[in-house]
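Below is one structure, written out as structure tokens; comments come after it.
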Number of protein chains: 2
Amino acid sequence: MEITIDTHGEEPAYKQLADQLRAAITRGDYAPGDLLPSLKQLSGAHGIAIATVQHALQVLKDEGLIYGVSGRGTFVRRAARPPS
Amino acid sequence: MEITIDTHGEEPAYKQLADQLRAAITRGDYAPGDLLPSLKQLSGAHGIAIATVQHALQVLKDEGLIYGVSGRGTFVRRAARPPS
DNA sequence: ATGCATTTGTTCGTATGTATG
DNA sequence: GCATACATACGAACAAATGCA
């Protein structure tokens, strides 16, 4: 599935990205332990600033879905999809 | 009481500001419903960037201590000091 | 009511520090 | 040492909401 950011939409870009990344993780597009695209990749791929990407990722970090590791990247938590 | 930010300290500026504002609110320096100093005031008063002030305020918003209103300012929540 | 000033919200660009490999 | 990547910080800009004249 694809992540698309509508810069002219009503929802802020960071929220769109956070929502879509959350959906992708929940769907299993990114499995627990998986490495997410880098800030630079997300930034370049969707035409939004690194700070905005970081804002989106910060939301998911606060939710406990992902975590960042300096020098390595951003990963999906093992507890991202607790057994329903 | 005074808020002082040590730019050369080990703790990041946004965390220092968040901690000290949280303490001030908990202490009652800012009562529930009170208006906090504006971003510009906090920025100028402590010699830190507006973005850094917002980062600090975002922490307290996430904690549910304060909330912002466009065009008016940032307020202390009524539930800021739930009865222990 | 129209406009202006203030303030928050959001976004972008950039730079530096730190940690990893 | 070097490349990659996150964390922090600064500066700047525009939009939207609010209040007031």
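Lettering follows sequence order; numbering is per chain, from 1. Worth knowing before you read on, the calculation uses all heavy atoms, side chains too, and leaves out hydrogens, waters and symmetry mates.
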Exercise. Find which nucleotide of DNA chain C each of A:Thr52 and B:Leu35 is nearest to by heavy atoms, and output the residue with the more 5' nucleotide.
Key: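 Of the two residues, B:Leu35 wins.
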Practice problem: For A:Val69 and for B:Val69, locate the closest nucleotide of DNA chain C by heavy-atom distance; then report the residue assigned to the nucleotide nearer the 5' terminus. | Solution: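 By nearest-heavy-atom nucleotide position, the 5'-most residue is B:Val69.
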Reckon [X] has a side-chain N or O less than 4.0 Å from the OP1 or OP2 of [N]?
X	N	answer
B:Ser70	C:dG9	no
B:Thr74	C:dT7	no
A:Lys40	D:dC6	no
A:Arg72	D:dC6	no

Could you give the [atom1]-to-[atom2] distance, from [X] to [N], as a whole number of Å?
X	N	atom1	atom2	result
B:Leu42	C:dG9	CG	P	13 Å
A:Phe75	D:dT4	CZ	C1'	12 Å
A:Gln41	D:dC6	CD	P	9 Å
A:Lys61	D:dC6	NZ	P	7 Å
B:Ile50	C:dT6	CD1	P	13 Å
A:Tyr14	C:dG9	OH	P	10 Å
B:Gln16	D:dT8	CD	P	12 Å
A:His55	C:dC12	NE2	P	12 Å

Quiz item: Which nucleotide sits closest to the side chain of B:Gln54: D:dC10, D:dA7, C:dG9?
Solution: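 The closest nucleotide is C:dG9.
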Self-check item: 5' priority, DNA chain D, between B:Ile48 and A:Leu39 [closest heavy atom]
Solution: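 That would be A:Leu39.
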Looking only at non-hydrogen atoms, find the nearest pair between [X] and [Y] and report the distance.
X	Y	value
B:Tyr67	B:Lys61	CA-CG, 4.5 Å
A:Ser43	A:Ile48	OG-O, 2.5 Å
B:Arg78	B:Gly33	NH2-CA, 4.2 Å
B:Val59	B:Arg22	CG1-NH2, 4.1 Å

Quiz item: Looking only at atom types and distance, does a side-chain atom of B:Glu63 sit under 3.5 Å from a main-chain N or O of B:Leu60, one as donor and one as acceptor?
Solution: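 Checking the backbone N and O of B:Leu60 against the side chain of B:Glu63, no donor-acceptor pair under 3.5 Å is found.
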Self-check item: Touch class at under 4.0 angstrom, heavy-atom based, for A:Lys15 against every strand present
Solution: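 Since no nucleic acid heavy atom lies under 4.0 Å of A:Lys15, the category is nothing.
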Quiz item: So which nucleotide does D:dA15 pair with, by the Watson-Crick or G-U wobble rule with both distances under 3.5 Å?
Solution: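 Pairing partner: C:dT8.
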